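So the structure is just underneath, and the comments pick up after that.
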Amino acid sequence: MIQRRNFLTSGLLTTVMAAATRPAQAAESVALPVPDPSKLATDAGFWSGVRDLYDVDRSTANLENGYWGIMARPVLETYVENIQRVNRQNTVYARKSFDADFADVRDRVAGALGVSPEEIAITRGATEALQTLIVGYNKLQPGDTVLYADLDYDSMQYAMGMLESRRAVTVKTFAIPEPATREAVLETYRKVLEETPKARLLLLTHLSHRTGLVMPVREITAMARAKGVDVILDAAHSWGQLPLDMTDLGVDFAGFNLHKWIGAPVGLGFLYIRKGRLADIDTHMGDKDWPAEDIRSRIHTGTLNFAAALTIPAALDLHQAIGVTAKHARVSHLRNYWVERVAGIGAIEILTPNDPALHAGITSFRIKGKVSKDDNAAIVNRLRDEFKVLTVRRAGVAAGQCIRVSPAVYTTEAELDRLVVALTAVAAA
């Protein structure tokens, strides 16, 4: 059996804490009401309890949580238990028991997403998942066009660019307008699809790692489908930050992370291919371990980190115990907290709109006129070294480089106050 803590699926603090401190065994099922997320976002007692589940170095205010997410203490303890067990049993476990346990993990991930296990395959992250989908997409013909925007992730842009030589297609890029609005974003995609009759594939990022902009995926996907264009969705940052319904989004191909906003060990993700679309993605490197009718033939990662994979259910338990609507409410509140306090500083440009449908926790800013790599690296360094606030420079935005702020559920308002003080000083300079 996979050793893990089963957390109760309730947002109540007492339930989370009781489940989190229970020994590694199945928790009894308790039906409790889920609090209103709009009120829970600022419930100091609840979020203090959640923060207590994380061991965080507070010497620097870490506002760079978009890279990967800290494991909560119960998840980390489960991970250590799994490391010890796998190391102790070694290949006896790997050869005898891992396949059945890993199948359970896959079932659990699929259930959390609300899809069939036959539609997902575990990978070593969203990058591996998405590159596999992009390069393996086999419906392209010479002369077709593939599309991506400036806010899409670098590694996925590289894979789209590789299609030029691999599939003899044309690569077309475009920029998302600033300031972004829902209408402007939809018009941008409508226009590029209208102007590109040979388009057949579109890379679409649900929540941009560059600025935090949340795309209206359902509407864009519908526009693309009407033009005969398939969408590959980058959901690396959205799953765990946003309530997400695959049926509503309408995409047939997507890549996800488990080590960002779900809080599993680093090096885990999965790809999704809707039933009926599997044949449109090539088998991975001619894989023969699985039949061509099995999605697992679409990714061959070699030897996985067994212990990390076995810890996924523990991370999902806590994620579901807190509740995605509560997490979304909290990180959105933290984002709004600092954005509202710097809104009156004329030198600061907030790149992510205040429309709650277009952001979650991540938001980027730019000091007016500071668009170069050196400019933004200097600001990041000053925030870190002088004010003990960690952010990250983001390149690739068409209008110029920027700085990303990514709070997590364990971030405090006091840490964001440090950011506000720091930005006030930086802007004044």
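None of these values were measured; they are calculated from a predicted model.
When atom types are taken as modelled, the side chain of Arg384 and the backbone of Thr391 share no donor-acceptor pair closer than 3.5 angstrom. No donor-acceptor pair closer than 3.5 Å links the side chain of Thr221 to the backbone N or O of Gly250.
You'll find the side chain of Gln401 stays beyond 4.5 Å of the side chain of Arg366, heavy atoms only. For the pair Tyr79/Met71, a side-chain contact is recorded, criterion being any heavy-atom separation below 4.5 Å from C-beta on. The shortest distance between side-chain heavy atoms of Ser238 and Val214 does not fall below 4.5 Å. A 4.5 Å side-chain heavy-atom check between Leu147 and Met160 finds every atom pair outside the cut-off. Between Ile134 and Met156, the closest side-chain pair of non-hydrogen atoms falls below 4.5 Å. Here the side chains of Val171 and Tyr148 are in contact, with some heavy-atom distance below 4.5 Å.
Between Asp101 and Tyr93, the side chains place a donor N or O and an acceptor N or O closer than 3.5 Å (distance only, hydrogens not considered). Looking at Asn65 and Ser406, their side chains never bring a donor and an acceptor atom within 3.5 Å of each other.
Residue-environment remark: CD (Glu194) stays at or below the threshold of 12 foreign heavy atoms within 6.0 Å.
Applying the side chain to side chain contact (heavy atoms under 4.5 Å, CB included) rule to Glu415 yields the partners Arg58, Ala61, Thr411, Thr412; only residues at least two apart in sequence or on another chain are considered. In this structure Thr424 satisfies the side chain to side chain donor-acceptor pair (under 3.5 Å) test with no other residue, sequence neighbours excluded. In this structure, the ring pair (Phe, Tyr, Trp, His ring centres under 6.0 Å) partners of Phe306, at least two apart in sequence or on a different chain, are Phe98.
Between Asp280 and Arg274 no salt bridge is recorded (no basic side-chain N to carboxylate O distance below 4.0 Å). With respect to the salt-bridge test (charged N to carboxylate O, under 4.0 angstrom), the residues Asp245 and Arg218 do not qualify.
If you take CG on Leu416 and NE2 on His333, they are separated by 8.0 Å, rounding to the nearest 0.5 Å. The line from CE of Met215 to CG of Leu249 is 14.0 Å long, rounded to the nearest 0.5 Å. Here CD1 of Ile345 is found 10.0 Å from CZ of Phe365. Values are rounded to the nearest 0.5 Å. Here the CZ-CG distance, from Arg182 to Leu358, works out to 8.0 Å after rounding to the nearest 0.5 Å.
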*Worked verdict on Leu204 versus Tyr189 for side chain to side chain contact (heavy atoms under 4.5 Å, CB included)*: CA-CA 10 Å; Leu204 178 60; Tyr189 280 91; 3.5 Å; yes
